[in-house]
Each structure stands twice: as structure tokens, then as C-alpha cells.
Amino acid sequence: MTYAQKKYLFAIYRLGINGEAISSSDVSRLVGVTKASTVKMTQRLSDDGYIRKEPYGKISLTEAGIKEASTLFTSSLVICDFLKQKVGIPEQEADSDAVKIVAQVSEKTVAQLVKFALGDAVNA
């Protein structure tokens, strides 16, 4: 999965965390891109089986999308907490940076960072 796909999937997950379907406009605002860019990427995510998207309608995650996004979300929460508590990064910056880390680095590196952050929390 590419950085862009992860970023959009993560945004869709965060926006729909209460289980409601969301709009392309909501995603565009959160990701900070044009609606046209969002339409293109959501079509790709739909083709890959991560989301369901009605034409000109709402977006919702498939089971595969929920699984992938929840992994990204959980990892970002752990890394965000680590950045805030142990590194001293302000909350908004830590949240933004955690999302970038989870979306841009390899899954293996994310897993090791999460393990380190959790291990550090256990040993504290």
C-alpha cells in the first residue's frame, strides 16, 4: 500500500470511526487536497477492496479496509503517545507526525517502533 493510499484510508477511518459513512468532501478537507484528487484515490481504494463508494454518494470501509486502517490507527496512537510523553512533542504535532510515520515508513519499522514505545512504557 502506498503512502497516499494509507493517508486516505487513515482519514476515512478517523472520519467514520463512529461507523457512519462519510463524504468525499470530508476526506478532502482532512487530507488537505482537492475533491478531484479524493475522487481519484477513493476509486483506487474501492478497486482494491478497501472501501465502498456509491457514485456521488457516501464512503464506507469494507472489512479489509477496517482491518488495514485499524492497524494504522492503533500504531499511530501508540507512536503519538510516545512522542508526547517521552519525547516532549506537543499534542497536535505528535498526532500529525505519528500519522506520517505510520503512513510513510515500512510496516516492519512501524512494528518495531510500536514495540519499542510499548516496551518503554512497560519498563517506565
Side-chain angles (χ1 to χ4, degrees):
M1 190 170 240
T2 68
Y3 165 69
Q5 287 175 304
K6 288 179 183 179
K7 185 168 71 169
Y8 279 87
L9 192 65
F10 189 83
I12 293 165
Y13 184 81
R14 284 180 93 168
L15 289 166
I17 203 148
N18 59 3
E20 293 181 23
I22 57 168
S23 71
S24 292
S25 298
D26 296 332
V27 178
S28 297
R29 276 191 293 280
L30 184 60
V31 178
V33 298
T34 65
K35 190 168 178 189
S37 294
T38 300
V39 168
K40 190 183 234 183
M41 183 54 75
T42 54
Q43 184 59 53
R44 188 170 171 192
L45 289 170
S46 178
D47 292 346
D48 291 345
Y50 292 111
I51 65 169
R52 280 183 291 281
K53 184 177 182 301
E54 303 165 19
Y56 304 102
K58 297 293 183 177
I59 299 167
S60 59
L61 293 166
T62 63
E63 234 177 270
I66 291 169
K67 183 178 178 187
E68 185 69 33
S70 66
T71 300
L72 294 170
F73 186 72
T74 301
S75 296
S76 75
L77 289 177
V78 171
I79 292 171
C80 178
D81 187 59
F82 177 78
L83 292 173
K84 288 186 306 187
Q85 303 298 324
K86 299 298 180 181
V87 183
I89 305 296
E91 186 169 351
Q92 267 191 313
E93 190 175 346
D95 182 49
S96 175
D97 288 348
V99 171
K100 291 174 191 169
I101 290 168
V102 169
Q104 288 187 326
V105 302
S106 72
E107 290 177 23
K108 182 179 178 183
T109 299
V110 169
Q112 288 299 106
L113 283 170
V114 167
K115 184 177 175 183
F116 178 79
L118 290 173
D120 189 54
V122 171
N123 294 327

*Can you name the closest pair of heavy atoms from Val31 and Ala11 and give their distance?*
CG2-CB, 3.6 Å

*Can you tell if the side chain of Ile59 reaches within under 4.5 Å of the side chain of Val27, non-hydrogen atoms only?*
yes

*Any chance you could measure Ile22, atom CD1, to Leu30, atom CG, to the nearest 0.5 Å?*
8.5 Å

*With a 4.5 Å limit on heavy-atom distance, are the side chains of Leu72 and Lys7 in contact?*
no

*Would one find more than 12 heavy atoms of other residues, nucleotides or ligands at under 6.0 Å from atom CD of Gln104?*
yes

*When rounded to the nearest 0.5 angstrom, what is the spacing between CD1 in Ile79 and NZ in Lys84?*
13.0 Å

_Working to the nearest 0.5 angstrom, can you tell me the gap between Thr42 OG1 and Ile12 CD1?_
6.5 Å

*Any side-chain heavy-atom pair of Ile17 and Phe73 under 4.5 Å*: yes

*Any side-chain heavy atom of Val102 within less than 4.5 Å of one from Phe10?*
no

*Between Met1 and Leu9, is any pair of side-chain heavy atoms under 4.5 Å apart?*
yes

*Gap separating the OG atom of Ser23 from the NZ atom of Lys35, nearest 0.5 angstrom*: 7.0 Å

_For Ala64 versus Gly49, what's the shortest heavy-atom pair and its separation?_
CB-O, 3.8 Å

*Considering all heavy atoms of both residues, which atom of Val105 and which atom of Lys6 are nearest to each other, and what is their separation?*
O-NZ, 3.8 Å

*Determine yes or no for a side-chain-to-main-chain donor-acceptor pair under 3.5 angstrom, with Ser24 supplying the side chain and Val39 the backbone.*
no

*Can you find a pair of side-chain heavy atoms, one from Phe82 and one from Val87, that are under 4.5 Å apart?*
yes

*asked:* Keeping Gln5 on the side-chain end and Thr2 on the backbone end, is there a donor-acceptor pair under 3.5 Å?
replied: yes

*Out of curiosity, Ile89 CD1 to Ser96 OG, how far, rounded to the nearest 0.5 Å?*
11.5 Å

_From CD (Gln43) to CD1 (Ile51), nearest 0.5 Å_ = 8.0 Å

*Side-chain contact, heavy-atom cut-off 4.5 Å: Glu107 with Thr71?*
no

